[in-house]
Amino acid sequence: MWVCLNGEFLPEDQAKVSVFDYGFLYGDGLFETLRCYRGQIFALEAHLNRLSCAASALRLPIPSESRLRGLLNDTLLKNNLQEALLRLSLSRGIGAPGLRPARCTSPTLVIAARSFEGCSEAQYKQGVSAVIVRTPRSAAVEGGANLKSLSFLNNVMARLEAEAQEAFEGIFTTKAGFLSEGSISNLFWCSRGKLSTPSRAAGILEGVTRQVIIGLARDAGWPVEEGLFRPKALFEAEEAFLSSTGLELMPLSTLNGQKIGTGRPGPVTQKLQALFSKAVLERTKPGGP
Ligand SMILES: Cc1ncc(COP(=O)(O)O)c(C=O)c1O
């Protein structure tokens, strides 16, 4: 694979970042994962908006939007990929040890691509399991900043906790005990015809997929409630699912070993999956934007 490092394409084994890069030293930076369908990047604008807002919150200079669009598309083309994931990583760059972010003058930008290998059909058919983890949500995101930060340690710890219990996903709660999100996904559930999902106040990363789903559900006439919810709401839901760029909508069948609803993908989830697939087809037309 070819990797784009600061605008230059290099074979992956030659794409190297300094050991003094603040991304490596302090997790000081941001990333985005983007999904490509039939050679077209899905929801590119939303990803670039999130990156740009987060970068300005961190006072991290980034290349222009058109430059980033060009580099992302070039990475896809250079690797001759159609169904793919692109990973953009942006760090503060090389600096002196001793935490002096303002002295780092040149951010490091890496764009890597890989062929998309999603979850199995069986997982989508049966749904997956989740557990509520003890690991806290990281302070930066619980404060409400929509940062897809390179500092992913809490997410790694949540993942380890989930894996130790053989669960597919670990669900964070806030300090006050409200549901937040998964280690790499947002969370939705449905009860009595209403779709619910934790709001920004619950320390979530506002997922691009989550926003698309909320839009599709509202367009279809379903009420969507964003707010602060106790785990009880999810335990008592009729159906639930996780969302992310890589998963799209993944039905959630159990929480802490307890079935959610029938423990099978429910009708609302299935309808939203179909609407999502239709939206992907419409928004990634070859030759389209
Ligand atoms: C913590 C977290 N929440 C939510 C998401 C879903 O975001 P998106 O739909 O933009 O992929 C991700 C994706 O990686 C994530 O890491």
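Atoms within a ligand are numbered from 1 in the order they appear, just like the ligands themselves. Source: prediction; values computed, not measured.
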Using side chain to side chain donor-acceptor pair (under 3.5 Å) as the criterion, list what pairs up with Glu248, not counting sequence neighbours.
-> Tyr37
Output yes when Glu181 and Arg137 qualify as a salt bridge under the 4.0 Å nitrogen-oxygen rule, no when they do not.
-> yes
Taking 4.0 angstrom as the limit, do Glu206 and Arg50 come out as a salt bridge?
-> no
Atom pairs, nitrogen or oxygen, ligand 1 to protein, under 3.5 angstrom:
from, atom 1, to, atom 2, distance (Å)
ligand 1, 3 (N), Glu181, OE1, 2.6
ligand 1, 9 (O), Val208, N, 3.3
ligand 1, 9 (O), Thr209, N, 3.0
ligand 1, 9 (O), Thr209, OG1, 2.6
ligand 1, 10 (O), Arg50, NH1, 3.0
ligand 1, 10 (O), Arg50, NH2, 3.0
ligand 1, 10 (O), Val208, N, 2.8
ligand 1, 11 (O), Thr245, N, 2.9
ligand 1, 11 (O), Thr245, OG1, 2.6
ligand 1, 14 (O), Lys148, NZ, 2.7

Charged N-O contact under 4.0 Å between Glu226 and Arg218 = yes
Would Arg283 count as a cation-pi partner of Phe42, with NZ or CZ less than 6.0 Å from the six-membered ring centre and within 45° of the ring normal?
-> no
Among the clusters formed by ILVMFWY side chains lying less than 4.5 Å apart, do Leu150 and Leu60 turn up in the same one?
-> no
